[in-house]
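Notes follow the structure.
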Amino acid sequence: MAIKSILTNQEDFTGEFPVTSRTSALWRFNEKTPDENLQLIDSSGHGRHFTISGWSGTSANLIAGRFGRYFRQNIVNPTSEKTHLIAENDGSFFSNLGEKIVVGGWINPTTYSVGQTYIPIFNTRQGPGQPIFYVSLYQGRLRLMLYNSSGTLIYDQSETATITLKNGGWYFIASIIEVSNKKVQNIICDRSDGATWVSPVRSFSGELNRECIADIIMGMHANTYYYAGGFDDWFLETDSQLTDDDLLLYFKSSLHANGGDAASDVDALAEHGTVALKATDGEYPASGVLYTRAVPCALSGSGRVAVTSEYTAGVTSVSLVETSTSDDLEEWSAWQAVGTSGELQSPNRQYIRFRVTLTSSDPLRTPKLLEIQLHDIPKAPYEKLGFARPVILDKNGAWEAVLENAFDIIVTGEVNGADTLEFKLPFHDPKRSTLENEKQVQIVNDIYRIRTLTDNKSEDGRVITQVYAEAVFYDLSFSAEKEPREFNADTADVPMQYALLGTGWTVGNVTVTTKRTWQCTEKNALSILRTVQNIYGGDLVFDSANRQVHLLTFSGTDSGALFSYRKNLKSIQRVVDTRELVTRLYAYGKDELTFASINGGKEYVEDYTFSSEVRVSTLDCSSFTNPYQMLEYAKMRLAEYSKPRVSYVLSAMDLSALTGYEHEAWKLGDIVTVDDKELGLLVKTRVVRRQYNLQEPWKTVIELSTKLRELGDSSAQWDKAADALSSAELINRQEIKDMVPFNHLRNSRADDGFAYWVNSGFEVDTENGVSGTASFKAVGVPGMTKSLSQTVYPATRKSYTFSAQIASENLEKGENGQVGVEIVIEYEDGTTETRFIDLI
């Protein structure tokens, strides 16, 4: 898979003219006001700032417009206001002309500017020294003048274009000056209707003034002639490589981008490279729609869109991503939402643009869009594993070489475990030169990265290169270090999004609906994802081609494939292992926490389904602070430990690789049937590990059902990560000693009924209490919320403690059910924060 286009820069979202390595100066005019020196910033980084002459007491202003702000001058009376811009030349402005000079930008002329005879735009005729060029309007027509080192005019042409400049219109104009070739070309583009005009290529004689040290003056000449109207995004490039096609492409591709538009509800200017909802008086709108500039599409295969964003689950989101495509940047296809996994639904054409909807249910919060990637997924050279060969990819993800002579090609995969590729290639194979460490290798739709290259020379002089590669998702273990993060009653997609942020990978389908409250202390993306799988359950599936990670309740299907002796089953081994069988499992959490109070006084759980013998073990739950979740977790673990590990290891042929047997296809994670009458076997079980021989599919080894550790259970290294759950934080004995108790809740023991409380569905139990004779009680009803709330006004402290004693009886949570304490904190500035302490 190759990345076709990336949108991550400010200009991608706003449509502003981009900075390049050859940009000499670029004035965006995005400031609200000039600085204390009346200067406007040069965004090229070269420090060639504009100084405003005639700012105070005039109509000069920085106005909110389409590309952020723009500079407007001399609107009332140009001859009396005389506002103009000056960039003082330190001698370096034109020191490296190269082969081409390009100058241009946006103008918003008034009736005065299109009606007068001489209107200066971009001027070097105002000393010191001699000029080099002069861009102006002559009776409303674009005019370019060029000068030699003695100040003699060597070119003067006023253009008669098909576009007529009008009062209040916005026009992109530019002049291309080829220094050595002595050619000139001008362009004019009209934002109102997208019309463009390109002048004929014209020639000039003489030599340009290569020694020009003149200042750049915008909007004035000879203290007599002045421009009235607006300027935006003006640039100067020397030693430029821009052509008229490049400038037209910029104009057409940026025409609809609105990240800097004052009229839009999104903002791509406040934080560079980030799009957020636009705040008004400190509050964000409920939604906003971003239109991006157009970028190349022209895919060689299918396409996938990946969006990187920051959001708060259930509050803010990038809720919709749509695309539209075009061959000419004029006629566009209808907007189409991308598929659930980012699949491109729009027709494959030369260019693509994006429409992204950002939403928020909290006026104080906004999602942030950071990046949009368009991936080109070429059709794989092989559609099946059987008889496929490794394909080497270049740095752009395109095919570089198919290794037809590779042999002993083995792909090893495990559910929630390893995914590796090994093969051999003759050292003297002409394509051996394509093998390099860290290069990518494609097998059908899976992508691997070469980790080791070993050249072996045998006694007979034969030299073989042995390659070991790992699935590209292994790179996630090298991601930027993650800070510890707490997740409070969140579904799995939230920590997965946190893990993948900034990696170029995105979260795909998450069908596991479990909610967990826990603290993540893992340092890299892969370890966090492994921990998520262990805590939430399900199958972690890495889609290397699309750079997505899925968490599915079950990743396979009942394939219908049958493994039978004398058909496709060469050998079979069944192993029943009870070495780790446990029937009674103790669990201890933080500060010797147990779940005895909610488990009939027992600190353990039992399961004698397989054996009546008491076999005891202890589960480390030192990170647990919630007895309910600890009990649930202990039961889940005992369900595995209380039964023998049963594994079937088959040497079998993949018949689906043969014509006519396609219906026998199976893949990792699928349910298959094993039939061996001699062993008395007729079972349905799951493919949990495979060693697939691509060259000789009849030598494939698969493992069914439970994986044995000695057979390569690579997930064993993550076993301890499963005990990372954390919830309502219990305080230890020392914390209690250090605490100065002061209860802000009134009538917390229900002595006075519901006094001071806002009640919805609770009742007062006058017979059962802890520190008194009464308590609050609620009987749960599926689909109904019952609550008891009180507002308190505590004194300012660095920290607060919430404590309560709870009891439960036959408590079962329904789908999306929650039991806990919700705290809404209001700060002095009026902002609020909501936290939920999960109690079960």
Side-chain angles (χ1 to χ4, degrees), residues 1-3 6-8 273-274 304-313 318 341-342 367-375 393 395-397 413-414 416-421 437-441 446-452 468-487 490-510 512 516 518-536 538-551 714-722 724:
M1 178 185 66
I3 296 178
I6 299 177
L7 291 90
T8 190
T274 298
R304 187 183 71 81
V305 178
V307 173
T308 303
S309 64
E310 294 179 0
Y311 67 96
T312 303
V318 172
S341 296
K368 291 183 178 181
L369 172 66
L370 306 178
E371 185 176 83
I372 302 173
Q373 291 186 359
L374 174 64
H375 296 269
L393 306 181
K395 62 181 180 180
N396 297 315
E414 300 174 340
N416 293 319
D419 189 355
T420 62
L421 164 68
N437 286 79
E438 297 305 306
K439 249 188 174 178
Q440 293 187 344
V441 184
D446 292 324
I447 312 295
Y448 298 84
R449 194 183 293 278
I450 297 174
R451 298 301 191 196
T452 64
Y468 168 78
E470 295 174 335
V472 290
F473 73 76
Y474 279 56
D475 289 349
L476 293 171
S477 63
F478 309 128
S479 68
E481 184 171 314
K482 302 287 185 177
E483 296 296 326
R485 175 72 67 90
E486 291 188 4
F487 300 100
D490 286 320
T491 51
D493 61 304
V494 178
M496 290 175 67
Q497 179 81 18
Y498 172 65
L500 296 176
L501 185 64
T503 65
W505 289 66
T506 57
V507 177
N509 296 329
V510 178
V512 175
R516 291 297 190 202
W518 60 292
Q519 184 180 37
C520 176
T521 58
E522 300 295 337
K523 299 299 185 183
N524 65 71
L526 184 57
S527 61
I528 294 174
L529 292 170
R530 294 294 190 189
T531 302
V532 168
Q533 183 277 323
N534 230 328
I535 290 174
Y536 289 86
D539 293 342
L540 203 59
V541 178
F542 295 89
D543 182 353
S544 298
N546 294 305
R547 297 177 70 83
Q548 284 193 316
V549 185
H550 312 281
L551 185 63
S714 63
S715 64
Q717 60 185 298
W718 294 294
D719 277 354
K720 293 183 180 180

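This one's a predicted model, so the numbers in the text were calculated from it and none came from an experiment.
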Exercise. Taking only residues two or more places apart in sequence or in another chain, which ones pass side-chain hydrogen bond (donor to acceptor under 3.5 Å, both in side chains) with Asp493?
Worked result: Thr491
Exercise. Quick one: CG on Leu7 to CG on Leu369, what's the gap to the nearest 0.5 Å?
Worked result: 9.0 Å
Problem set entry | Shortest non-hydrogen contact from Val532 toward Ala492 | CG1-CB, 4.0 Å
Exercise. Do Leu526 and Phe542 touch side chain to side chain, with heavy atoms closer than 4.5 Å?
Worked result: yes
Problem set entry | Within-4.5 Å side-chain heavy-atom neighbours: Gln519 and Glu486 | yes
Exercise. What residues form a side chain to side chain contact (heavy atoms under 4.5 Å, CB included) with Thr452, not counting sequence neighbours?
Worked result: Tyr468
Exercise. Would you say the side chain of Phe473 lies within less than 4.5 Å of the side chain of Leu529, judging by non-hydrogen atoms?
Worked result: no
For this session: Taking all heavy atoms of Pro495 and all of Tyr536, pick out the closest pair and write down the distance.
Result: CG-OH, 4.0 Å
Problem set entry | Gap separating the CG atom of Asn524 from the OG1 atom of Thr503, nearest 0.5 angstrom | 11.0 Å
Seminar exercise, completed: In terms of heavy-atom contacts, Ala499 and Ala525 come closest through O-CB, 3.2 Å
Problem set entry | side-chain hydrogen bond (donor to acceptor under 3.5 Å, both in side chains) partners of Gln373, counting only residues at least two apart | Glu371, His375
For this session: Could you tell me whether the side chain of Tyr474 and the main chain of Asp419 form a donor-acceptor pair under 3.5 Å?
Result: yes
For this session: Begin with the C-alpha distance, continue with both residues' side-chain angles, and end with the deciding distance and a verdict on side-chain contact (heavy atoms from CB on, under 4.5 Å) for Trp505 and Val472.
Result: CA-CA 11 Å; Trp505 289 66; Val472 290; 3.9 Å; yes
Problem set entry | Side-chain heavy-atom pair Asn509, Val541 within 4.5 angstrom cut-off | no
Problem set entry | Residues, nucleotides or ligands: over 12 heavy atoms within 6.0 Å of Lys439 NZ | yes
For this session: Looking only at non-hydrogen atoms, find the nearest pair between His550 and Asp543 and report the distance.
Result: NE2-CB, 3.9 Å
Seminar exercise, completed: Across all chains, not counting sequence neighbours, the side-chain hydrogen bond (donor to acceptor under 3.5 Å, both in side chains) partners of Lys482 are none
For this session: Applying side-chain hydrogen bond (donor to acceptor under 3.5 Å, both in side chains), name anything that partners Glu438, two or more places apart in sequence or on another chain.
Result: Arg451
Problem set entry | Least distance between heavy atoms, Gly502 atom then Thr308 atom | N-CG2, 4.4 Å
Exercise. Which distance, rounded to the nearest 0.5 Å, do you find between the CD of Gln440 and the OG of Ser544?
Worked result: 9.0 Å
Problem set entry | Close side-chain approach of Val507 to Val549, heavy-atom, < 4.5 Å | no
Seminar exercise, completed: Residues Glu522 and Ser527: closest non-hydrogen pair is CB-OG, 3.3 Å
For this session: Starting at CG of Leu551, measure out to CD of Gln533 and round the result to the nearest 0.5 Å.
Result: 7.0 Å
For this session: For the pair Asn416 (side chain) and Asp539 (backbone), establish whether a donor and an acceptor sit closer than 3.5 Å, ignoring hydrogens and angles.
Result: no
For this session: Please test Leu370 against Leu501 for side-chain contact (heavy atoms from CB on, under 4.5 Å), starting from the C-alpha separation and ending with a verdict.
Result: CA-CA 10 Å; Leu370 306 178; Leu501 185 64; 4.1 Å; yes
Exercise. What is the distance from atom CZ of Arg547 to atom CD1 of Ile3, rounded to the nearest 0.5 Å?
Worked result: 6.0 Å
For this session: Would you please name every residue forming a ring pair (Phe, Tyr, Trp, His ring centres under 6.0 Å) with Tyr498, sequence neighbours left out?
Result: none
